[in-house]
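The structure that follows is given in the form of structure tokens.
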Amino acid sequence: MKELLINEEIRNPKIRLIGEDGTQYGIVDNSKALEIAEAAKLDLVMVSPNADPVVCKVMDYGKYRYELQKKNKEAKKKQKVINIKEIRMTPNIEEHDLNVKVRTTQKFIQNGDKVKVSVRFRGREMGHTELGKEVLDQFLELLGPEAMVEKAPKLEGRNMSMTVIQNNKN
């Protein structure tokens, strides 16, 4: 958070001043604005440094910063964090192993995570990448309607991968 200038840190000779209750004092000298703030036992805070003349407000700076931190914390709580989980397979995976990986993926998807499903090719398997595509298609078929493909299967080096997310149309 960028710090605002307060009280004596404000060097501008002329200031547009706003009172603590929102009253407009108009354009006043810096020293007069400081006197008004001190009389109210509050701080003079520069709220708009890019305006001409700069806009300053009489307020309790500590309370203002506290409220700002509270608002930022509240906004952070409402954010949804999406994790990317990865499931790895080989092109010659057995039926039972595939079903276990499907169940694991379904758990991840129900938790709201994205799942990167990849098939790793080793050695001569690189000559039969179509087998990997078939495994991914079968995997997607077993996942059922609650999952949908976000990123289609694509061969990247020795891995063919796709990204699966929760289907919100249910």
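Note: hydrogens, waters and symmetry copies are ignored here, and every other heavy atom, side chains too, is used.
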Considering all heavy atoms, the nearest Pro91-Glu125 contact: CD-OE1, 3.6 Å
Once you round to the nearest 0.5 Å, how far does NZ of Lys151 lie from OG1 of Thr163? 5.0 Å
Measure the spacing between NZ of Lys73 and CD of Gln69 and express it to the nearest 0.5 Å. 8.5 Å
If you measure from OH on Tyr64 to NZ on Lys57, what distance do you get to the nearest 0.5 Å? 8.5 Å
Could you check whether Glu146 and Gln106, counting side-chain N and O atoms only, form a donor-acceptor pair closer than 3.5 Å? yes
Check: Ser118 main-chain N/O paired with Asn159 side-chain donor or acceptor under 3.5 Å: no
For residues 26-45, tabulate all N or O donor-acceptor pairs below 3.5 Å that involve a side-chain atom, not counting sequence neighbours.
residue: Asp29; atom: OD1; partner: Lys14; partner atom: NZ; Å: 2.7
residue: Asn30; atom: ND2; partner: Ile10; partner atom: O; Å: 2.7
residue: Asn30; atom: ND2; partner: Asn12; partner atom: O; Å: 3.1
residue: Asp43; atom: OD1; partner: Asn7; partner atom: ND2; Å: 3.2
residue: Asp43; atom: OD2; partner: Tyr61; partner atom: N; Å: 3.1

Does a side-chain N-to-carboxylate-O contact under 4.0 Å join Arg120 and Glu156? no
Is any side-chain heavy atom of Leu131 closer than 4.5 Å to a side-chain heavy atom of Glu134? yes
Decide yes or no on side-chain contact (heavy atoms from CB on, under 4.5 Å) for Gln138 and Glu95, but give the supporting numbers first. CA-CA 10 Å; Gln138 184 183 359; Glu95 187 72 31; 3.3 Å; yes
Side-chain cluster (under 4.5 Å, hydrophobic types only) that Leu155 belongs to, other residues: Ile87, Met89, Ile93, Leu98, Val102, Phe108, Ile109, Val115, Val117, Val119, Phe121, Met126, Val135, Leu136, Phe139, Leu140, Leu142, Leu143, Val149, Met160, Met162, Val164
Distance from Thr23 atom OG1 to Glu20 atom CD, nearest 0.5 Å? 8.0 Å
Straight-line distance of Lys76 NZ to Lys71 NZ, nearest 0.5 Å: 16.0 Å
Heavy-atom side-chain proximity of Ile165 to Met148 below 4.5 angstrom: yes
Do Lys101 and Asp97 meet the salt-bridge criterion of a basic N to acidic O distance under 4.0 Å? no
More than 12 heavy atoms from other groups under 6.0 Å of CD on Glu141: no
Sorted by chain and residue number, the side chain to side chain contact (heavy atoms under 4.5 Å, CB included) partners of Lys116 (sequence neighbours excluded) come out as Ile84, Glu86, Ser161
